[in-house]
Amino acid sequence: MSLYENLSPHERARRFMAGNRPIFNKNALFSDMTEDYVSPPEPRPFSIVTLRFRTLRRNVDYVYLVKDKERILMECTDHNEEFDFYSARLALDNEPVNYCFEVIAGRIRMYYDRRGPVRANDLKYCFRLIPGFSTPEWSKGAVMYQIFTERYCDGDPTNNPETGEYFYINGLSRRVTDWNKTPEAFGVREFYGGDLAGVMSKLPLLKNMGIEVIYFNPLFVSPSNHKYDIQDYDYIDPHFGVIIHDGGSVLSEGESDNAKAARYIRRVTDRENLEQSNALFAELVRRAHEMGIKVIIDGVFNHCGSFNKWMDRERIYEYAEGFEKGAYVDASSPYHEFFNFQGGSWPYNNTYEGWWGHDTLPKLNYEDSPRLYDYILSIARKWVSSPYNADGWRLDVAADLGRSIGFNHKFWKDFRRAVKEANPEAVILAEHYGNPRDWLSGDEWDSIMNYDAFMEPVTWFLTGMEKHSDDFRPDLLNNASAFWGAMLENQSFMNYSSMNSCMNELSNHDHSRFLTRTNHKVGRVSTLGPEAASEGINKAVMREAVLLQMTWVGCPTIYYGDEAGLVGFTDPDNRRTYPWGNEDYELMDFHRACIRIHKENRELKTGSLLELFSGEGFIAYGRFNKDGASVVVINNNDHPVDASIPVWRCGVKPNTEMKRLIFSYKESFTTLPELSPVRDARMKVSMPPFSAALFKKDFSLSDHSDTRALLGEMMK
């Protein structure tokens, strides 16, 4: 117990008054897990880490670091005109450390954890430091671009799937000749011809936009256009790659026996087709890397497809040269144990377990097959190694793999070990809904697709819509309190490394397009029709969302076509083709400007985040580090709002100016700079309806140099 705590209440009050300090200001308290407050931010086991805490200048008596039941007195080691900075050095072992801070000012005692200043500490919201856990530096705040390959660009018409090439889920495959046709309500067998050659032709466009990472939906051999029913993990689908040896008959209308699908069998079993398709992927990655673009591929390891060579329910491989008999075909198949059969008899045993009961998606039986377990780990290594050199994996339905949670964790631990040994700079991102904390302890996933702490809160706040467009909640539209509550709650499940590397999407292949959500229409394409997806949309709200996406903690991840104004209800309408020749160029320019700002201002990649102001349909927050601060202001109301933003909490000094870098309003947007004065430590803003703006203060420049730079830009 400190000497101060032994004093009588009267003596404490006397000393407090004698110090002539300002009134205790809890809004000045701050710490997080960025490099300004944890040094180093990703410490190694058995090392020393320095933790820091900020208070108003000469405003508190003591700050303690609280770790488990231990209280460590922190020392005031630095200050500036506005703040004191307290530090404590902590010796780590190899176990996670949960900590918070305790602040004492006169009679006031407060705690500070991930919620901010609170009266009582809660372990759930403690900061969590995991020695040895790091994510690749390139992945922190990287701008990603998700490509659903089949709908992006057709660069090689010779590899397009043909009408009647095979039978799948109640119908024949069908080639679409009109690129601009909207997908059918159940269009899993519909093919427009998008491929890797098409993506390669657009790499300069992606580079020009500022994209740093491409995330591909699955690329491996598969009968569907989405390819989450993988047929062969060893090869890129020749329909995306290269078809050298072609020919053979297609199926006639009414035929469903794929053993007769000669053209399909030749295309996907011919070794040269397969090897050349792999080589094309390796070349794409090489060219992307030359442009400074990383490549992440999709891993579907919970289940495969009924066409899979290990199962071969469609008898594609039964007589193909160089392939073993599938488990459906032969009881003595070397792949028998890869699946869980419920009985039945061979040949052609249809009693295997399907994921969620789908017989087109056989669930992989890892528990009973060490060989399958090892094989998938070899696949994990293969694609992040030479000659392919992919930069990481996105893992489909990752928490579903295996039959028990214990086995699931064991598998992902081994998966991480395999991937990181093959390529230490590879990233591992998982699809996950709900609390991911148990998988983010440093020995399994690096991070997640950030539904709960990004897509959903942003969607509810700005549109009031559920992410599938299945519901409209007027009580959540413009509800800033619900927005911050959801963000705070779900961000608390992730540590510093995972937060900075998570995928922040507005749209993707599983949910409606964000631009369509702005029209508040509840329903799907099957009930509303495709035209309704573009009716009543609000591009100003879309721009608000994009600016928020580009300035939030994590990796802003654009779903192909969002930047060009693509609309669509949920699957399959969200998988429309890229609108080549019909792009919304203003929206593309806005994305390009936001990406440039994101990349030019380091605090937007790895800096701190702090809520500054909230009201009905109105939020303001800061991203800042020791070198500068960016303040984002969003008004989602249909009327103007005036506000006074306490930018001092981001380190912006009073009686200075902040420079507006971008401003979006109902009709359009501008990047013309404009200065906004900071008076009495606050910046007053007047935001018109459906507007968003970003203001910047560079702490390394004087206000005069800011003004000179602004005048110079305006003179150009």
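Computed from a prediction, not measured in an experiment: that's the story for all the values here.
- Salt bridge status for K605 with E137: absent, with no side-chain N to carboxylate O gap under 4.0 Å.
- Distance alone, capped at 3.5 Å, is enough to place a donor-acceptor pair between the N423 side chain and the V384 backbone.
- Summarising the geometry, atom CG belonging to L440 is positioned 8.0 Å from atom NE2 belonging to H432; distances are rounded to the nearest 0.5 Å.
- Salt bridge status for E81 with R57: absent, with no side-chain N to carboxylate O gap under 4.0 Å.
- Side-chain contact between L29 and F101 is absent, with no heavy atoms from C-beta onward closer than 4.5 Å.
- Put simply, the residue from R109, K67, R119 that forms a salt bridge (charged side-chain N to carboxylate O under 4.0 Å, His left out) with E102 is R109.
- The CG atom of D443 lies 13.5 Å from the CH2 atom of W412; values are rounded to the nearest 0.5 Å.
- When side chains are defined from C-beta on, V632 does not count as touching R623, because their heavy atoms never get closer than 4.5 Å.
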Q: Starting from the C-alpha separation in whole Å, work towards a yes-or-no answer on side-chain hydrogen bond (donor to acceptor under 3.5 Å, both in side chains) for S608 and D32.
A: CA-CA 7 Å; S608 300; D32 63 9; 2.6 Å; yes

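- Salt bridge K653/E82: absent, no basic N to carboxylate O contact under 4.0 Å.
- A salt bridge (charged side-chain N to carboxylate O under 4.0 Å, His left out) with E444 is found for one member of K413, K410, R416 and no other, namely K413.
- Looking at F690 and E544, their side chains come closer than 4.5 Å, going by heavy atoms from C-beta outward.
- If you check the side chains of S700 and D698, you find a donor sitting under 3.5 Å from an acceptor.
- Two residues are said to be in side-chain contact when any heavy atoms from C-beta on lie closer than 4.5 Å; L90 and I72 meet this criterion.
- Between K696 and E603, at least one side-chain N (NZ, or NE/NH1/NH2) sits under 4.0 Å from a carboxylate O, which counts as a salt bridge.
- Around the CD atom of E75, the shell of radius 6.0 Å holds no more than 12 heavy atoms that belong to other residues, nucleotides or ligands.
- In this structure, L547 and I662 have side chains that are in contact, with non-hydrogen atoms separated by less than 4.5 Å.
- No hydrogens or angles considered: a donor-acceptor pair under 3.5 Å links the side chains of E489 and Y125.
- Exactly one residue among W445, W138, W393 makes a side-chain contact (heavy atoms from CB on, under 4.5 Å) with V427. That residue is W138.
- Within the 3.5 Å criterion, the main-chain N or O of I296 finds no donor-acceptor partner in the side chain of D391.
- Counting non-hydrogen atoms of neighbouring residues, nucleotides and ligands closer than 6.0 angstrom, the NZ atom of K599 exceeds 12 such neighbours.
- In this structure, CG in L51 is found 6.0 Å from CE in M74, a value given to the nearest 0.5 Å.
- Within the structure, the side-chain hydrogen bond (donor to acceptor under 3.5 Å, both in side chains) test picks out no pair touching residues 47-56 (sequence neighbours left out).
- No more than 12 heavy-atom neighbours from other residues, nucleotides or ligands sit within 6.0 angstrom of CG on D680.
- Under the 4.5 Å side-chain criterion, counting only non-hydrogen atoms from C-beta, Y99 is not in contact with C126.
- Taking the centre of each ring, Y86 and F53 stay at or above the 6.0 Å mark.
- For R602, the CZ atom is loosely surrounded, since the number of other residues' heavy atoms within 6.0 Å does not exceed 12.
- The line from CE of M499 to CG of N504 is 7.0 Å long, rounded to the nearest 0.5 Å.
- For P40 against I48, the heavy-atom pair with the smallest separation is CD-O, 4.0 Å.
- F415 and F301 have tilted rings, their planes meeting at an angle from 30° to 60° on a 0 to 90° scale.
- Checked against the 6.0 Å centroid criterion, the rings of Y37 and F30 qualify as a close aromatic pair.
- Between S501 and D446, the side chains place no donor N or O within less than 3.5 Å of an acceptor N or O (distance only, hydrogens not considered).
- Side-chain atoms of R473 never come within 3.5 Å of backbone atoms of W460 as a donor-acceptor pair (strictly under, hydrogens ignored).
- V647 and M683 make their closest contact through CG1-CB, 4.0 Å (heavy atoms, listed as atom of the first residue, atom of the second, distance).
- Aromatic ring centres of Y451 and H511: separated by under 6.0 Å.
- Rounding to the nearest 0.5 angstrom, the gap separating the CG atom in D84 from the OG1 atom in T77 is 9.5 Å.
- Checked by atom type and distance alone, the side chain of N635 pairs as donor or acceptor with a backbone atom of M687 at under 3.5 Å.
- The two atoms that bring R128 and N495 nearest to each other are O-CB, 3.9 Å, heavy atoms only.
- Closest heavy-atom contact between F663 and A693: CD1-CB, 3.9 Å.
- Under a 4.0 Å N-O distance rule, the pair K140/E35 does not qualify as a salt bridge.
- R44 and L92 make their closest contact through O-CD1, 4.0 Å (heavy atoms, listed as atom of the first residue, atom of the second, distance).
- The local environment of CZ in R89 is sparse, with at most 12 non-hydrogen atoms from other residues, nucleotides or ligands closer than 6.0 Å.
- In terms of heavy atoms, G622 sits closest to C650 at CA-SG, 3.6 Å.
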